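Quantities reported herein were computed from a predicted structural model and do not represent experimental measurements. Just so you know, residue 1 is the first one in the sequence shown, and it goes up from there. The analysis underlying the following values was restricted to heavy atoms, covering all of them including side chains, and did not include hydrogens, waters or symmetry mates.
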Amino acid sequence: MKYSNLLKTVFFCFFILAILGCKQTTESDNDSSNNPPEVGRPSVSELLNEMDANKDGKLSKSEVHGPISNDFSKIDTNNDDFISKEELESAPKPDRRESGNTDNSNNIQKDLEVTINVDPSLFIKESLLKDIITEERTLADGTKALCYIITTASQPTEHQMGPWCPTHINDGKDKGGIWFKDDKVYDVDGHFIANLKDFYNDEEWALFREDGSIKVTETQDECEAAARPDVDEKYHNYCVECLPKYYKEKVSTYVIPVKPLYLENSNSLGGNGIGLAFNGVNFEAPAPTHAILAAHTLAPLKRFSKKIYMHQ
């Protein structure tokens with residue numbers, strides 16, 4: 001294949017849909033129960049559960065991350081270098097704009113020479129359900145532009161997806177995926193699963209049984225019960241594996257401009273995904289890590305393959 005070598009190394013190149021563009025739409029042949037709803041913000045209790053490493057009921061500067069770390073001094077109203085539950089409850093909520101609902105009329109980059117037309121021949125034809133067509137569509141600022149209509153099953157055809165969870169603590173890294181912590185990447189092999197107590201300094205982690213077998217979700221129902229923000233208690237301390245075959249009937253349609261226009265400033269991406277790879281796979285918004293870790297569950301990713309996240 002002409003682009004096979006390129007795709008092996010940079011196949012995750014994608015079109016960022018935060019640009020001023022045609023609105024992305026998604027359709028599905030599945031029952032509506034298979035279309036995951038959007039994740040809400042984590043509750044104060046969930047945030048404390050995730051970040052309070054020493055379980056003293058308050059958060060220090062070294063324990064927090066993300067927006068809370070950026071606004072630590074504002075949230076810490078009594079200036080004692082700790083954030084209490086009460087201060088967290090009173091903290092202003094971060095702006096959460098949904099993609100496609102932002103007025104970008106004054107945010108368009110004027111230098112149009114920096115952009116080029118999207119080349120539809122870069123998409124792997126076997127991953128498309130229909131030929132790519134062009135239509136005139138209305139952009140977010142009300143203007144009209146020529147757009148590509150791209151219909152895919154959001155599943156790759158050139159590589160296998162998974163496995164993500166090892167099944168025994170003796171399994172090597174080839175049996176599992178990867179995990180991130182503090183900007184570092186870790187192989188999720190059996191040894192990693194067996195040592196989660198030390199990894200997170202939390203005695204409640206227990207993903208494996210006495211015989212060394214690892215607790216892994218095995219059906220679509222189990223996957224969805226374990227992957228939702230309010231994790232079913234039956235699946236606390238599970239490795240979550242949501243297999244592509246559960247959603248093989250899903251059809252996604254993407255509408256992107258033939259010539260994108262970049263924005264001068266970035267926008268919030270919301271929870272509706274952020275782009276499309278050349279193999280037709282959707283790039284999801286970040287997974288709800290706070291909910292995953294609060295329930296002592298792990299949902300590993302696989303190198304160079306898409307991970308299915310529920311409730312995005």
If you count heavy atoms of other groups shown closer than 6.0 angstrom to [atom1] of [X], is the number above 12?
{"X": "D80", "atom1": "CG", "value": "yes"}
{"X": "N201", "atom1": "CG", "value": "no"}
{"X": "K234", "atom1": "NZ", "value": "no"}

Can you check whether [Y]'s main-chain N or O pairs, donor with acceptor, with [X]'s side chain at less than 3.5 Å?
{"X": "K130", "Y": "I149", "result": "no"}
{"X": "D232", "Y": "Y235", "result": "no"}
{"X": "D71", "Y": "K74", "result": "no"}
{"X": "D76", "Y": "D81", "result": "yes"}
{"X": "D171", "Y": "H168", "result": "yes"}
{"X": "N237", "Y": "T297", "result": "no"}

For this session: List for me each residue that meets salt bridge (charged side-chain N to carboxylate O under 4.0 Å, His left out) alongside D230, sequence neighbours excluded, and say none if there are none.
Result: R228
Seminar exercise, completed: The salt bridge (charged side-chain N to carboxylate O under 4.0 Å, His left out) partners of E233 (sequence neighbours excluded) come to none
Connected via hydrophobic side-chain network under 4.5 Å: [X] and [Y]:
{"X": "L59", "Y": "F82", "answer": "no"}
{"X": "W164", "Y": "V231", "answer": "no"}
{"X": "I132", "Y": "Y254", "answer": "yes"}
{"X": "L196", "Y": "Y238", "answer": "no"}

From [X] [atom1] over to [Y] [atom2], what is the distance, rounded to the nearest 0.5 angstrom?
{"X": "I256", "Y": "R137", "atom1": "CD1", "atom2": "CZ", "answer": "12.5 Å"}
{"X": "S73", "Y": "N79", "atom1": "OG", "atom2": "CG", "answer": "8.5 Å"}
{"X": "D189", "Y": "N195", "atom1": "CG", "atom2": "CG", "answer": "9.0 Å"}
{"X": "D221", "Y": "Y246", "atom1": "CG", "atom2": "OH", "answer": "9.0 Å"}
{"X": "I193", "Y": "K175", "atom1": "CD1", "atom2": "NZ", "answer": "15.0 Å"}
{"X": "I75", "Y": "N78", "atom1": "CD1", "atom2": "CG", "answer": "12.5 Å"}

For [X] versus [Y], what's the shortest heavy-atom pair and its separation?
{"X": "A226", "Y": "T217", "value": "CB-CG2, 3.8 Å"}
{"X": "V240", "Y": "P300", "value": "O-CD, 4.1 Å"}
{"X": "L48", "Y": "G57", "value": "CD2-O, 4.3 Å"}
{"X": "D187", "Y": "K173", "value": "OD2-CD, 3.5 Å"}
{"X": "E203", "Y": "K197", "value": "O-CE, 3.3 Å"}
{"X": "F123", "Y": "L128", "value": "CB-CD1, 4.3 Å"}

Going by side chain to side chain contact (heavy atoms under 4.5 Å, CB included), name the residues that satisfy it together with [X], two or more places apart in sequence or in a different chain.
{"X": "D211", "result": "R209, S213"}
{"X": "K181", "result": "Y186, F199, Y200"}
{"X": "S84", "result": "E86, E87"}
{"X": "D56", "result": "D52, N54, K58"}

Problem set entry | side chain to side chain contact (heavy atoms under 4.5 Å, CB included) evaluation trace for L207 with L298 | CA-CA 9 Å; L207 267 67; L298 204 68; 4.1 Å; yes
Looking at side-chain heavy atoms only, is the closest gap between [X] and [Y] below 4.5 Å?
{"X": "V216", "Y": "C239", "answer": "yes"}
{"X": "C223", "Y": "E241", "answer": "no"}
{"X": "K259", "Y": "V118", "answer": "no"}
{"X": "Y148", "Y": "V255", "answer": "no"}

For this session: Decide yes or no on side-chain hydrogen bond (donor to acceptor under 3.5 Å, both in side chains) for H296 and D202, but give the supporting numbers first.
Result: CA-CA 9 Å; H296 298 92; D202 183 350; 2.8 Å; yes
